[in-house]
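Every value quoted in this text rests on a predicted model; they were computed, and no experiment measured them. So you know, we letter chains A, B, ... as the sequences are listed, proteins then strands, and number each from 1.
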Amino acid sequence: MELSDPSLQPGPTSNESELAEAQISQSGDSMDDYYQLKNGLIISSSVIAGLFFGPVWWMYSLKVASSYLLGASVGVLYLRILAKNVEQLGTGNTQVGKGQLGVFVLLIVLATQWSQLEVLPVFLGFLTYKVGILFFVLWSAVLSPSTNR
Amino acid sequence: MDPLVAAASVLAAALGIGISTIGPALAQGNAAGKAVEGIARQPEAEGKIRGTLLLCLAFMESLTIYGLVIALVLLFANPFA
């Protein structure tokens, strides 16, 4: 009997391999929660930005409203990049938070250098993603018992 | 721009972004490390752990963004110039 016989090599038993497959399957199922949260945050932020755009235009001007909309769009982009970073965390990516801050720096530099944009509406538009997060979390935790987390 | 104001603004921007980054950086590293630990212990809860981490990071990083805004405004749209 040789030690190189593959039947004698220590390997996963059928129970262990079934357990590992079950864990992988459960992990894939639980990632659905994450993708649902990510899409919900992005959609709620976009909808709230769209809802605020009209009143800002009506109360101030098109210039302020377009600055707000640009800031809100970059806020949604920031959220997408952050979600992608969190998704890849632990699977090769060891850092969180470089790309999305670069996007924000570009936005503020553009807003300060280009006279057609105003800094404060751009910044407040960027922060719309926080309103979207609060709205989505409150809606999913309190108002919707079917998705109670 | 007055050279004294310019020098003070650059110094304030550097100090502002440097100091405002310390706390969120430590917190983000701690949160991400604990989340990865949690995923390693409970792979079946990976989605919920990553979702909670996303929400925590989004709010933590806004603290860095506040400091970044002050620094960028001081550098590019200085109200004292």
Side-chain angles (χ1 to χ4, degrees), chain A residues 20 22-38 40-41 45 75 78-79 82-91 93-97 100-102 104-113 117-120 122-124 126-127 129-130 132-134 136-137 140 149, chain B residues 1 9-10 13-14 16-18 20-81:
Chain A
Q23 281 185 344
I24 289 169
S25 169
Q26 281 179 344
S27 174
D29 290 343
S30 75
M31 280 304 280
D32 289 345
D33 289 344
Y34 177 73
Y35 295 131
Q36 196 178 352
L37 174 73
K38 177 183 160 185
L41 291 179
S45 299
Y78 164 85
L79 196 58
L82 182 65
K84 196 174 175 184
N85 275 342
V86 170
E87 190 182 329
Q88 292 172 346
L89 189 69
T91 57
N93 185 15
T94 56
Q95 288 182 335
V96 174
Q100 67 265 27
L101 282 180
F104 177 71
V105 169
L106 279 179
L107 173 72
I108 294 295
V109 169
L110 183 69
T112 53
Q113 298 299 308
L117 294 175
E118 294 192 24
V119 178
L120 197 58
V122 165
F123 179 57
L124 293 178
F126 180 81
L127 290 184
Y129 81 91
K130 292 181 80 169
I133 289 175
L134 284 175
F136 181 78
V137 170
S140 62
R149 290 146 43 83
Chain B
M1 189 191 294
S9 299
V10 170
I17 189 63
S20 70
T21 309
I22 295 173
L26 290 174
Q28 283 188 359
N30 199 11
K34 296 288 182 188
V36 174
E37 269 182 30
I39 291 169
R41 279 192 193 140
Q42 285 185 295
E44 69 275 7
E46 182 179 1
K48 287 190 176 177
I49 292 172
R50 281 190 196 272
T52 310
L53 179 65
L54 173 63
L55 296 177
C56 292
L57 287 182
F59 281 99
M60 268 189 263
E61 208 158 69
S62 61
L63 301 176
T64 307
I65 286 170
Y66 297 149
L68 197 57
V69 168
I70 299 298
L72 291 173
V73 166
L74 279 176
L75 289 177
F76 295 106
N78 196 327
F80 306 109

Subject >> Largest heavy-atom contact set with chain A, pairs under 4.5 Å, which of B:A71, B:S62, B:G29 >> reply: B:S62
**OP:** Among the options B:L75, B:I65, B:L68, B:V36, pick out the one with the most heavy-atom pairs lying under 4.5 Å from chain A.
**Re:** B:I65
Considering non-hydrogen atoms only, spot the tightest contact between [X] and [Y] and give its length.
| X | Y | value |
| --- | --- | --- |
| B:A58 | A:I133 | CB-CD1, 3.6 Å |
| B:A32 | A:L89 | CB-CD2, 3.8 Å |
| B:R50 | A:V86 | NH1-O, 2.6 Å |
| A:T112 | B:A77 | CG2-CB, 3.8 Å |

**OP:** Kindly write out the residues that satisfy ring-ring contact (aromatic ring centres under 6.0 Å, His included) with A:F104, not counting sequence neighbours, or none if the list is empty.
**Re:** A:F126
Within the structure provided, determine whether [X] and [Y] are in side-chain contact (heavy-atom separation under 4.5 Å).
| X | Y | answer |
| --- | --- | --- |
| A:L134 | B:F59 | yes |
| B:L54 | A:L41 | yes |
| B:V73 | A:V119 | yes |

**OP:** Look up atom CD1 in B:I70 and atom CD1 in A:I108, then write down how far apart they are to the nearest 0.5 Å.
**Re:** 10.0 Å
Subject >> Spacing of CG belonging to B:L55 relative to NZ belonging to A:K130, to within rounding of 0.5 Å >> reply: 12.0 Å
**OP:** Examine whether an atom of A:V105 lies under 4.5 Å from a heavy atom of chain B, and if so say whether it belongs to the side chain, the backbone or both; otherwise answer neither.
**Re:** both
Subject >> Partner chain B: residue of A:F123, A:Y34, A:Y78, A:Y129 with the largest heavy-atom pair count (under 4.5 Å) >> reply: A:Y34
**OP:** State which residues pass salt bridge (Lys or Arg N to Asp or Glu O under 4.0 Å) with A:E87; sequence neighbours excluded, sorted by chain then number.
**Re:** A:K38
